[in-house]
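Numbered from 1 within each chain, the chains take letters A, B, ... in sequence-line order.
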Amino acid sequence: MSDNYLLELNEVQKEAVINTDGPQLIIAGAGSGKTRVLTYKIVHLLNSGIKPSNILALTFTNKAAREMKERMATLTEKKLVNQIWMGTFHSIFSKILRIDGDFIGYPSNYTIYDAEDTKKQIREIIKYLKLDPEQYPVNEIYSRISKAKNNLVLPSAYQANIEIQKQDINLKRPETSKIYALYQQRCKKASAMDFDDLLLNTNILIRDFPEILEKYQNIFKYILVDEYQDTNYSQYLIIKKLSGLLQNICVVGDDSQSIYAFRGAKIENILNFRNDFPELKVYKLEKNYRSTKNIVYAANSLIEKNKNRIPKTIFTDNKIGEKVKVVEQLTDRAEAYYVAKKIIKIKKENNFTFYDFAILYRTNAQSRAFEDALRRFSIPYKIFGSISFYQRAEIKNIVAYLRLVINKNDDQALQRIINFPKRSIGGTTVDKLVALASSNNITTWDVILQTHKLGAVFNSRTIGLLNKFKNLIISLTEKAKELNAKEFVDFVLEKTGIKRSMAEDRSPEGISKFENIQEFTNAVQEYVDKKETEEQEKVSLENFLEEIALATDQDSDNADTEKVSMMTIHASKGLEFKAVFIGGVEEGLFPSFRSITDPKEIEEERRLFYVAITRSEAELFVTHTKQRMKWGRFQDANPSRFIFELDENYVDFEYINDDTSQDFENFSNNSTFAKINFIENESKQPKIDIHAPKKLKKIKSNPVLDTSESREKDDKTGIAVGMTVVHAKFGKGKVLKIEGVFPQTKATVDFGDAGQKNLLLKFAQLKIIES
DNA sequence: TTGTGCTGCTTTTTT
DNA sequence: AGCAGCACAA
């Protein structure tokens, strides 16, 4: 076999590729050819006679796994590549749990709960324990439980840990451990695992069953881990144990690009890797092949401000290139227009395609202004991330049928579809079912199986409805045995009447939902076709569910189309573009106001900015505004501290008085675009006075104009304080107060028994019966 | 049981 | 501003 591929590597890269045995750490700076090293290394392993089924390669996204497979397929036989254990942590270990999960009490058909299922389950438990939902916000509890799991703290340990208990008491949430315990119990009962459980249960499996650990230690003779800086403790421990015997472990990562600490990733895993493997060989890939000198050096000057890092200096042989542009704009809208204009200009000057551009931002909410602007200029764009296709309610409802057919204990799936489409089984009935299940320690489906015993709880009509539902699910289960995944989905859509009822809904949302369903059936078809040609057998529902449970929107890439990419910086990791715009680089937004008090979190934000900068090959714009619309209000904004941390030698600053902002003013007054409500907004906001929002507020609360002045009479209707009026619904009442200006005139009316009501006179057709 | 309006929340999110 | 969960009315 040819070793030609080694010629395409620099010295360090080559060393990192050919040294395959023993523990290795590859520190791969941004743009240093990390993917190339990783793929060549695996190919090198195959070429030296290692069986593909003895290689475990873990990535963070399905997309990364797929891309690496594709690249390897160009270097070696595709058949070999397909036999490698390659995928995300979650997908690989979910497979292992389907094989060996019965050792820890899980059937192979267990369900994977996504974040939504998890939150719903937690919400139910909070309700069940009669806790105040205000005191126990679902998101907080979820992240607390998730954190515990990722640190391998089980409910019993959580309960027993004094430090944790103290924290919960300080947070005024002393019952958190009870919620956690019940949550685990219910998931187990439902034969369900959430994302964190996939890792946690793998840990439990290999901790409690040494023979299983040994089995996989011998299967995974070579282990490679990508994006190691973003692993959490749970993942770390799995890797450490699996590689414990042969120690052929290679981790690749860049501490400077660790940006998921907020989800439990531990940057220490990479910083302290040597402690676990003293024999460690370290390779530092410090040569950047991606970006111009100005970008590389500007990025270096930023990241040097972080204390917690592995020392390294990224350099490049690339040309000097353009300086980084830091641009000030008045508002987020002006910022978006500036970016849109620049895209057109740069595209023309450099002969780029739209595909070469990316707009990056800290929060998804920022995308809207950019979308508007790009549409005005007819610039095609694609937003990455946001809501996953499989997370849409209409898709999840269909999937829930599949889930329930596979696993009758899947309570969350059952609750989704028991009244979808509408079968008159409402909240009251479902609550009772769930309570019955809970108090008898069985699943909701078990309760439904015993409707004949429930005469005391439900009336005969409800029992009939439940029986009908039961029979439907049973008949679907029978069908699932004969049909492949696609045929079954079609059958469900027909049999349940979902297809018919959705086709009838001609509202825009309804049409879009129907299209999504069609897209879903297409996706199933595609999957079935692909698998059946590869494996020559019927594609079961189980296969398909496994595929989509861990699929995300990031996976579908229409990247080949001629479009500007828009995404959060988190979503941009690993990508590169010729021109990059980073928007909203302002204090409180980037760095986020939540991280401003904690130096560690500021370091993470700085790494995030580092990631953003290093996405760019040649053109880089960093924009910030003086005012930003936030939660429906204009708020003053200041440039981010990170802007001042960039070495000025590599940066050009552009202020609002420059020509470009002038261009923007002209543009916004251009009659072609007069319709855009930008102008409307601007008229509310004096253009130069950045304190306008405060002024506005003052006017609003000004007693002369506003509500505190009780007016006597509404001029439009003649209704006045003291009159007796009649309301169609509430009957006779006495007018107590008139306030506001037409058309917002409101009256407070006392309807006696019906109580006091505030009515908008515009809508409430009050009749005067007595002045 | 189903439909509708109100209230409260809102960083990032590979799985 | 926009959404989702929830309480209340029809």
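- Side-chain contact between A/Asn203 and A/Ile238 is present, with heavy atoms from C-beta onward closer than 4.5 Å.
- Of the charged side-chain nitrogens involved, none lies within less than 4.0 Å of a carboxylate oxygen, so that A/Glu67 and A/Arg71 do not count as a salt-bridged pair.
- The CZ atom of A/Arg66 sits 14 Å away from the P atom of B/dT14 (whole-angstrom rounding).
- Across all strands shown, A/Phe89 has no heavy atoms under 4.0 Å from either base or sugar-phosphate atoms.
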Under 3.5 Å, N/O pairs linking protein and nucleotides 2-5 of chain B:
{"unit_1": "B/dT2", "atom_1": "OP1", "unit_2": "A/Ser424", "atom_2": "N", "d": "3.1"}
{"unit_1": "B/dT2", "atom_1": "OP2", "unit_2": "A/Asn419", "atom_2": "ND2", "d": "3.3"}

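- Classification of A/Glu227 and A/Lys34 as a salt-bridged pair holds, one side-chain N sitting under 4.0 Å from a carboxylate O.
- Using cut-offs of 30° and 60° for the angle between ring planes, the A/Phe93 and A/Phe89 rings count as tilted.
- Listed pair A/Arg594 / B/dT11 meets the phosphate criterion, a side-chain N or O lying under 4.0 Å from OP1 or OP2.
- Between the CG atom of A/Asp117 and the CD atom of A/Gln415 there is a distance of 10.0 Å, given to the nearest 0.5 Å.
- Under a 3.5 Å cut-off, the side chain of A/Arg615 and the backbone N or O of A/Glu576 do not form any donor-acceptor pair.
- For A/Asp197 (side chain) and A/Asp194 (main-chain N/O), a donor-acceptor pair under 3.5 Å exists by modelled atom type.
- By the 30° and 60° cut-offs, the orientation of the rings of A/Phe590 relative to A/Phe609 is perpendicular.
- Rounded to an integer number of Å, the gap from A/Glu604 CD to B/dT12 P is 14 Å.
- Side-chain atoms of A/Asn364 lie closest to B/dT13 of the nucleotides B/dT13, B/dT1, B/dT14.
- For A/Phe60, counting side-chain heavy atoms from C-beta on, the closest listed nucleotide (B/dT13, C/dG2, B/dT14) is B/dT14.
- For the pair A/Arg461 CZ and B/dT1 P, the computed distance is 7 Å after rounding to whole Å.
- The distance from atom CZ of A/Phe93 to atom P of B/dT14 is 20 Å, rounded to the nearest whole Å.
- Taking only side-chain nitrogens and oxygens, A/Ser595 never comes nearer than 4.0 Å to OP1 or OP2 of B/dT11.
- Phosphate proximity of B/dT1 to A/Thr428: present, with a side-chain N or O under 4.0 Å from OP1 or OP2.
- Atom CG in A/Asn364 sits 6.0 Å away from atom OH in A/Tyr361 (nearest 0.5 Å).
- Residue ring and nucleobase are not stacked for A/Phe262 and B/dT13 under a centre distance beneath 5.5 angstrom and an angle between planes beneath 30°.
- When the P atom of B/dG8 is taken as reference, atom CD of A/Glu140 falls 17 Å away, rounded to whole Å.
- One can place CD of A/Gln366 at 13 Å from C1' of B/dT10, the figure rounded to the nearest angstrom.
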Are there any protein N/O atoms within less than 3.5 Å of an N/O atom in nucleotides 3-7 of chain C, and if so, which ones and at what distance?
none

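- A salt bridge does not link A/Lys266 to A/Asp230: none of the charged side-chain nitrogens sits closer than 4.0 Å to a carboxylate oxygen.
- A/Thr429 comes within 4.0 angstrom of sugar-phosphate atoms only, judged by non-hydrogen atoms across all strands, and of no base.
- Using a 4.0 Å heavy-atom cutoff across all strands shown, A/Thr363 reaches sugar-phosphate atoms only and no base atom.
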